[in-house]
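Accompanying notes for the structure given below.
Note: hydrogens, waters and symmetry copies are ignored here, and every other heavy atom, side chains too, is used. Since the structure is predicted, the reported quantities are computational estimates derived from the model, not experimental observations. Numbered from 1 within each chain, the chains take letters A, B, ... in sequence-line order.
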Amino acid sequence: MLNFGTKEGDFIRKITKYVFEIPKEKNMKVDAYIFTDEKGLKEITEAIEQLKNVASLPGIVKAAYGMPDIHWGYGFPIGGVAAFDVEEGIISPGGVGFDINCGVRLLKTPLLYNDVKKHLEKLIQKIYEIVPVGVGSTSKKFNKKDFKNIIEKGVKGAIEIGYGYPEDLECIEDNGHITPASIKDISNKAYERGREELGTLGAGNHFIEIQMIEQIYDKKVANKLGIVENQIIIMIHTGSRGFGHQVATDYIQLMRNSFKNLSIPDKQLIYAPFKSELGQKYFSAMNCAANYAFVNRQIITHYIRIVLSELFNSSAQLIYDVAHNIAKLETHIINNELKKVIIHRKGATRAFGPNRNEIPQKFKQIGQPVIIPGDMGTASYLLVGTDESENIAFSSTAHGAGRLLGRRQAIRQLKLNKILSKLHKSGIIVKSKNKKTIIEEAPEAYKDIDKVIEITNYLSLSKKIARMIPLGVIKG
DNA sequence: ATGTTC
């Protein structure tokens, strides 16, 4: 047994290449597993403690999992997966994250690099002009009827009022519609914040990126997905904006008030029993925010389609849209039995293999597409779910590069000019509202995405299909 | 991540 931890008794056992086990100890109800290497393990001391805390929560089943991009987060680590029994278990806002259904959407255009290389600056500029970006950015104010329809019915509700096409639906996780979701469980404050932020990008690590398919690893699957090398791809990374943030804030407060004497190792791990009235209300409110985030990406897609039509007389089709901050009711194999659980994926992506019933016909042979973005100026990947991953971590995979430096730490250590000149040298066009964001989101503040994907692919958490490189990026 | 310490 190797001792990697900083505290006494903090034992971690290497199982195979890239798999580390923390056998249950003290209050832990199950073991924990982390998918990383020796170097990665040394960078995540706080996240390891957080994962052990998660493994001690009531009703957790099988094990707690840390994806290759795991790092410190609010209560639960980001890059963490934990499933709870629906009868005995809990639901926790900290296990979802403040940005409910933060996620990634990938659009394919019929354009190749040569078609756009002379117009790249203009393309970026036009998208930057049409999509509101930055903290506090707003769009049009939706009326109550449309807003209710959107948060309860998701993307279907948005298509009804002209944002996109019915064929978009099967290329979105859960068809962009999660239930139960009732506006009755949303506070006025969340409603007021939410209805004028639909169709805005936000800030932080959120971005719109113009990318090119640099390399294809599996031609057969790429054919099915309709992608070729040198093709122009557009990636949208955003979430539920102030709406999801308000839902999380509201329910953390309600849970604190209801369960004052709860003994938990970290007060950020506040939860409600899943079956309790408050647990069910948070589930419904969280689903409203999840639907909101899918629609946010749908409306931004609508804006991008307008730009592509104007500039190139062209359009864009969805490849896929994934959620990477969410809790869901799913069925998984536990002790050789099918069991219904409330699975929390925080900074982790669902990666269903071909054999899952939930997969639409279109992806039945290849598995669910998975999108893993890099950080600003680095590569991103398209992958597919595998049947093997069900036995590894409830069909879950990584969600991004994962932070290495905290935001404040990045500002202290990194220099804006250096970051910008490096991006410029790589030929990447950057449009940004806020210089501070550029420093916080610099590649040096993140882990190496190629390493994250190597581990992910090696373990079959998901299988890599294509690598995309950025040509231009829009940030808040 | 966030009307960035409602």
To the nearest Å, give me how far apart [atom1] ([X]) and [atom2] ([N]) are.
{"X": "A/Asn188", "N": "B/dC6", "atom1": "CG", "atom2": "P", "result": "20 Å"}
{"X": "A/Phe98", "N": "B/dT2", "atom1": "CZ", "atom2": "P", "result": "12 Å"}
{"X": "A/Leu201", "N": "B/dT4", "atom1": "CG", "atom2": "P", "result": "18 Å"}
{"X": "A/Glu197", "N": "B/dT2", "atom1": "CD", "atom2": "P", "result": "8 Å"}
{"X": "A/Asn325", "N": "B/dT2", "atom1": "CG", "atom2": "C1'", "result": "13 Å"}
{"X": "A/Glu441", "N": "B/dT4", "atom1": "CD", "atom2": "P", "result": "18 Å"}
{"X": "A/Asp250", "N": "B/dT2", "atom1": "CG", "atom2": "P", "result": "16 Å"}
{"X": "A/Arg408", "N": "B/dT2", "atom1": "CZ", "atom2": "C1'", "result": "15 Å"}

What nucleic acid atoms does [X] come within less than 4.0 Å of, heavy atoms only: base, sugar-phosphate, or nothing?
{"X": "A/Gln253", "value": "nothing"}
{"X": "A/Ala203", "value": "sugar-phosphate"}
{"X": "A/Arg407", "value": "base"}
{"X": "A/Glu192", "value": "nothing"}

Task: Contacts of type ring-ring contact (aromatic ring centres under 6.0 Å, His included), residue A/His71, not counting sequence neighbours - done: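 Counting only residues at least two positions away or on another chain, A/His71 forms no ring-ring contact (aromatic ring centres under 6.0 Å, His included).
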- [ ] Please say whether the positively charged group of A/Lys328, taken as NZ for Lys or CZ for Arg, lies over the ring of A/Phe283, i.e. under 6.0 angstrom from the six-membered ring centre and within 45 degrees of the axis.
- [x]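 Output no; distance or angle outside limits.
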Task: Within 45° cone of A/Phe147 ring axis and under 6.0 Å: A/Lys145 NZ or CZ - done: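 Pair A/Lys145/A/Phe147 does not count as cation-pi.
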Task: side chain to side chain donor-acceptor pair (under 3.5 Å) partners for A/Lys418, two or more places apart - done: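 In terms of side chain to side chain donor-acceptor pair (under 3.5 Å), with neighbours along the sequence ignored, A/Lys418 is linked to no residue.
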Open item on the list: On DNA chain B, compare the nucleotides closest to A/His237 and A/Thr249; which residue's is nearer the 5' end?
Closed with: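 Mapping each residue to its closest nucleotide by heavy atoms, the 5'-most match is A/His237.
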- [ ] Determine whether the side chains of A/Gln50 and A/Glu46 contain a donor N or O and an acceptor N or O closer than 3.5 Å.
- [x]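 The answer is no; no qualifying pair exists.
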- [ ] Among the candidates B/dT2, B/dT4, B/dC6, find the nucleotide nearest to the side-chain atoms of A/Lys189.
- [x]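 Between B/dT2, B/dT4, B/dC6, the one nearest the side chain of A/Lys189 would be B/dC6.
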